[in-house]
Amino acid sequence: MNTVGKKLEFFRLKHQFTQKQVAMVLNIPVEKYSAFESGASDISAVQLARLSEYYEVKIDAFFSSSEEKSEMVKAIGNHGLTETKVNKVPAARGPKKVAKARKTKRMANTSNTPLTQQYDEHAEGNSEEQQLITLLANIIVESTMRELDDLNKLEKSPGGYHYEEKKACVICGTVVSGEMSWYDRNGLKCIHCQKAINEQVIPYWVTKSKDSFYTEIQLELDFGMKGKVLNAFKKAGLIHSRVIPKAEGTGKHFELFLRSDNRDFLPPHKKLRIGGPVKEINADGLEEYVLSYPWYYFVDPIEHLKDYGISNYMRFVPEKDLLEDTEQDH
């Protein structure tokens with residue numbers, strides 16, 4: 001039983017995308033993408049390769065075993081770029097921290113650029129590794145050509161321009177194109193985030209690294225901080241946010257928590273990049289390695305973050321209480 005569907009959910013949540021946004025990247029109905037994550041439908045190798053580029057990960061990051069990777073490579077080698085089944089597996093569980101929070105979900109950023117439909121016809125006779133390398137090389141070539149085209153357009157319009165293709169905003173992750181987008185030396189932004197930069201609501205350098213800020217989803221996934229708890233922290237002045245308003249001036253579009261605004265309270269993201277594969281017994285009674293365990297599964301979270309203010313507000317939540325809180329949330 002493979003875990004591709006869960007990995008799709010993991011990477012989507014990690015990069016703060018909705019199923020609708022990822023469906024737009026793949027140019028398919030949201031219902032069809034939802035079926036990919038649940039395991040109710042098949043995802044093609046082309047679509048999986050496109051998402052690997054979008055999430056900036058290797059294609060084998062979607063698999064938990066060499067056998068699953070082999071199945072996908074064989075599907076590519078024997079049938080060009082063809083569909084292969086994915087199945088749903090039980091979610092991994094770990095201890096949860098911070099005041100009454102929901103069970104950790106899979107995290108996950110996306111690249112909306114289309115993968116070239118050309119595949120090396122001679123790759124069928126090569127090894128599985130060579131076939132996978134050929135596929136990834138095609139992705140890199142197409143991505144490079146697209147970047148060169150973007151640079152050429154910037155030379156003609158140095159101030160920036162509306163982007164023709166659908167692409168995710170480097171700040172909020174919203175997939176946009178045309179008049180709803182703006183592309184310049186700081187990358188592709190939606191008009192809401194671009195206006196926030198122009199009006200200095202947020203600094204331009206947040207476009208350079210997602211490690212420079214936290215989002216509401218990240219605070220929930222990493223610390224269980226959400227809803228009333230998050231609002232209480234903001235009201236008490238423990239954590240500070242930058243609210244990006246909608247371009248038309250009514251309502252909130254997105255909210256960032258800059259590391260520079262919360263340096264003593266929130267840790268740098270690299271502090272949370274710890275751990276590795278965890279061996280579990282799946283529904284078939286077989287051993288498999290799961291990659292979706294959160295950082296606090298591997299360390300004493302309070303000790304690990306003792307230099308940051310958030311450690312003063314972290315506590316263990318028993319699994320029973322956690323499930324009850326989750327049910328109440330719904």
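For the numbers below, each heavy atom of this structure counts, side chains included, while hydrogens, waters and symmetry mates do not.
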Next on the checklist: Please check if the number of heavy atoms outside Y204 that lie under 6.0 Å from its OH is greater than 12.
Outcome noted: no

Next on the checklist: Does K252, at its NZ atom, have more than 12 non-hydrogen atoms belonging to other residues, nucleotides or ligands within less than 6.0 Å?
Outcome noted: yes

Under a single-linkage definition using a 4.5 Å side-chain heavy-atom cutoff for Ile, Leu, Val, Met, Phe, Trp and Tyr, are [X] and [Y] assigned to the same hydrophobic cluster?
X    : Y    : result
L258 : Y308 : no
F233 : Y214 : yes
I274 : I302 : yes
Y33  : V175 : yes

Item to check | E303: which of V299, D300, L305 passes side chain to side chain contact (heavy atoms under 4.5 Å, CB included) | outcome: D300

Item to check | Trace of the side chain to side chain contact (heavy atoms under 4.5 Å, CB included) decision for L256 with I171 | outcome: CA-CA 9 Å; L256 299 180; I171 299 173; 4.0 Å; yes

Checklist entry - side chain to side chain donor-acceptor pair (under 3.5 Å): which pairs involve residues 257-271, sequence neighbours left out? => result R242-D261

Checklist outcome for this item: Quick note, side chain to side chain donor-acceptor pair (under 3.5 Å) partners involving residues 172-184, not counting sequence neighbours, are D184-K189

Item to check | CA sep, side-chain torsions, deciding dist, call: L266, Q218, side chain to side chain contact (heavy atoms under 4.5 Å, CB included) | outcome: CA-CA 12 Å; L266 295 175; Q218 285 176 315; over 6 Å; no

Next on the checklist: Run the salt bridge (charged side-chain N to carboxylate O under 4.0 Å, His left out) test against K234 and tell me which residues pass, sequence neighbours left out.
Outcome noted: E255

Checklist entry - Is there a side-chain contact between F36 and L51, using heavy atoms and a 4.5 Å cut-off? => result no

Checklist entry - What distance do Q194 atom CD and I202 atom CD1 have between them, rounded to the nearest 0.5 Å? => result 9.0 Å

Next on the checklist: Does the plane of the ring in Y163 sit parallel, tilted or perpendicular to the ring in Y161? Use 30° and 60° as the thresholds.
Outcome noted: parallel

Item to check | Mutual orientation of the aromatic rings belonging to F265 and Y313 [parallel < 30°, tilted 30-60°, perpendicular > 60°] | outcome: tilted

